[in-house]
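Here the structure comes first, spelled out in structure tokens, and everything after it is commentary.
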Amino acid sequence: MAQAVNASSALSLDNEVLRSLLFYCSILVLKMMFMSILTVSKRLKHKAFVNPEDAKLQNLKLQQNENVERVRRAHLNDIENIPLFFMIGLIYTLTNPAVYFAKALFLAYTLARICHTVVYAVVPIPQPARMLCFMFGYGITGYMGVASLLTFK
């Protein structure tokens with residue numbers, strides 16, 4: 001079982017695992033910001049507004065559109081899952097994990113979330129593609145959670 005590392009050294013920018021986590025968290029933040037832009041562009045393209053003031057600006061009636069809702073659901077899934085990765089990734093960094101393995105987990109999680117967005121909202125692909133992407137990322141988050149629990153019990 002891994003031993004926790006000294007918090008001050010783990011939270012130092014000299015820690016390669018922390019730098020890797022911060023790098024991939026930055027990518028995921030930008031990815032989530034992209035989802036907001038994608039939602040707006042889909043709303044404009046499909047003239048689908050759900051707020052009266054937005055529809056009024058365009059002289060349109062309120063309406064929903066499945067293409068817009070698909071992007072919104074993908075974004076909501078990000079909002080539900082990515083912050084958990086941020087938190088557990090930081091906690092996992094304090095477990096003194098093997099650098100290569102931790103970096104591989106962070107990369108794999110990031111790729112899983114990007115793939116989830118692509119197969120869900122950008123170029124919808126039938127199941128089980130979305131489920132596999134989701135479960136891969138979910139499994140990584142779960143693994144880091146269990147590893148952290150065992151380290152800090």
Side-chain angles (χ1 to χ4, degrees), residues 1-45 48-51 54 64-153:
M1 179 169 47
Q3 283 209 330
V5 69
N6 177 302
S8 62
S9 64
L11 298 176
S12 164
L13 291 179
D14 293 331
N15 180 351
E16 196 172 346
V17 173
L18 178 64
R19 282 197 325 271
S20 179
L21 175 66
L22 296 174
F23 175 80
Y24 289 110
C25 285
S26 297
I27 290 172
L28 291 167
V29 165
L30 292 171
K31 180 225 166 307
M32 290 176 70
M33 291 175 66
F34 167 76
M35 294 302 290
S36 296
I37 294 168
L38 185 59
T39 302
V40 169
S41 69
K42 292 280 186 177
R43 284 200 186 286
L44 292 171
K45 177 182 177 183
F49 299 97
V50 294
N51 294 311
D54 298 337
Q64 289 189 346
N65 177 280
E66 180 51 31
N67 294 306
V68 175
E69 292 307 306
R70 179 171 284 279
V71 174
R72 280 185 4 86
R73 289 190 303 267
H75 193 185
L76 181 59
N77 192 277
D78 282 349
I79 292 167
E80 293 168 347
N81 289 281
I82 291 175
L84 299 177
F85 169 78
F86 292 167
M87 288 185 286
I88 201 60
L90 183 59
I91 295 167
Y92 181 70
T93 298
L94 297 173
T95 69
N96 195 24
V99 173
Y100 178 80
F101 188 65
K103 289 171 78 171
L105 286 175
F106 301 158
L107 169 63
Y109 182 86
T110 302
L111 291 176
R113 291 310 307 177
I114 290 169
C115 288
H116 180 270
T117 294
V118 169
V119 302
Y120 196 177
V122 179
V123 183
I125 296 175
Q127 288 286 30
R130 185 177 82 237
M131 179 196 65
L132 292 172
C133 294
F134 172 80
M135 290 307 296
F136 195 70
Y138 192 81
I140 291 169
T141 302
Y143 168 80
M144 291 191 302
V146 170
S148 298
L149 262 177
L150 294 174
T151 301
F152 296 114
K153 67 176 181 157

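The shown structure was predicted, so the numbers you read here are calculated from the model rather than taken from an experiment.
Rounded to the nearest 0.5 angstrom, Ile27 CD1 and Ile82 CD1 are separated by 11.5 Å. Going from atom CZ of Arg19 over to atom CG of Leu13 covers 7.5 Å, rounded to the nearest 0.5 Å. Leu21 contributes atom CG, which lies 6.5 Å from atom CG of Leu90 (distance to the nearest 0.5 angstrom). With rounding to the nearest 0.5 Å, the separation of OG1 in Thr117 from NE2 in His75 is 9.0 Å. Distance check, rounded to the nearest 0.5 Å: CG of Leu105 to OG1 of Thr110 gives 10.5 Å. Going from atom NZ of Lys42 over to atom NZ of Lys45 covers 5.0 Å, rounded to the nearest 0.5 Å.
The shortest heavy-atom contact between Gly89 and Thr93 is O-OG1, 2.8 Å. Residues Ala48 and Asn65 approach most closely at CB-CB, 3.5 Å, considering heavy atoms. The shortest heavy-atom contact between Ala147 and Thr95 is O-CG2, 4.4 Å. Between Asn77 and Asn81, the shortest heavy-atom contact is O-ND2, 2.8 Å. Residue Val122 comes nearest to Leu38 through the heavy atom pair CG2-CD2, 4.2 Å, listed as atom of the first residue, atom of the second, then distance.
Taking 4.5 Å as the limit, every side-chain heavy atom of Met33 sits out of range of all side-chain heavy atoms of Ile37. In this structure, the side chains of Leu22 and Phe106 stay at 4.5 Å or more apart for every pair of heavy atoms. Using a 4.5 Å cut-off on side-chain heavy atoms (C-beta onward), Met35 and Val71 make contact. Tyr143 places none of its side-chain heavy atoms less than 4.5 Å from the side chain of Tyr109. Counting heavy atoms from C-beta outward, Ile91 and Thr151 have side chains that stay 4.5 Å or more apart. A 4.5 Å side-chain heavy-atom check between Tyr92 and Val17 finds every atom pair outside the cut-off.
Remark: the backbone N or O of Gly137 is paired with a side-chain donor or acceptor of Thr141 at under 3.5 angstrom. Side chain of Ser20 to backbone of Glu16: no donor-acceptor contact under 3.5 angstrom is found.
Sorted by first then second residue, the salt bridge (charged side-chain N to carboxylate O under 4.0 Å, His left out) pairs that include residues 70-79, not counting sequence neighbours, are Lys31-Asp78, Glu66-Arg73, Glu69-Arg72, Asp78-Arg113. Among residues at least two apart or in separate chains, ring-ring contact (aromatic ring centres under 6.0 Å, His included) pairs with a member in residues 116-140 are His116-Tyr120, Phe134-Tyr138.
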_Full working for side-chain contact (heavy atoms from CB on, under 4.5 Å) between Phe34 and Leu30_ = CA-CA 6 Å; Phe34 167 76; Leu30 292 171; over 6 Å; no

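A side chain to side chain contact (heavy atoms under 4.5 Å, CB included) with Tyr24 holds for exactly one of Val29, Leu111, Leu107; it is Leu107.
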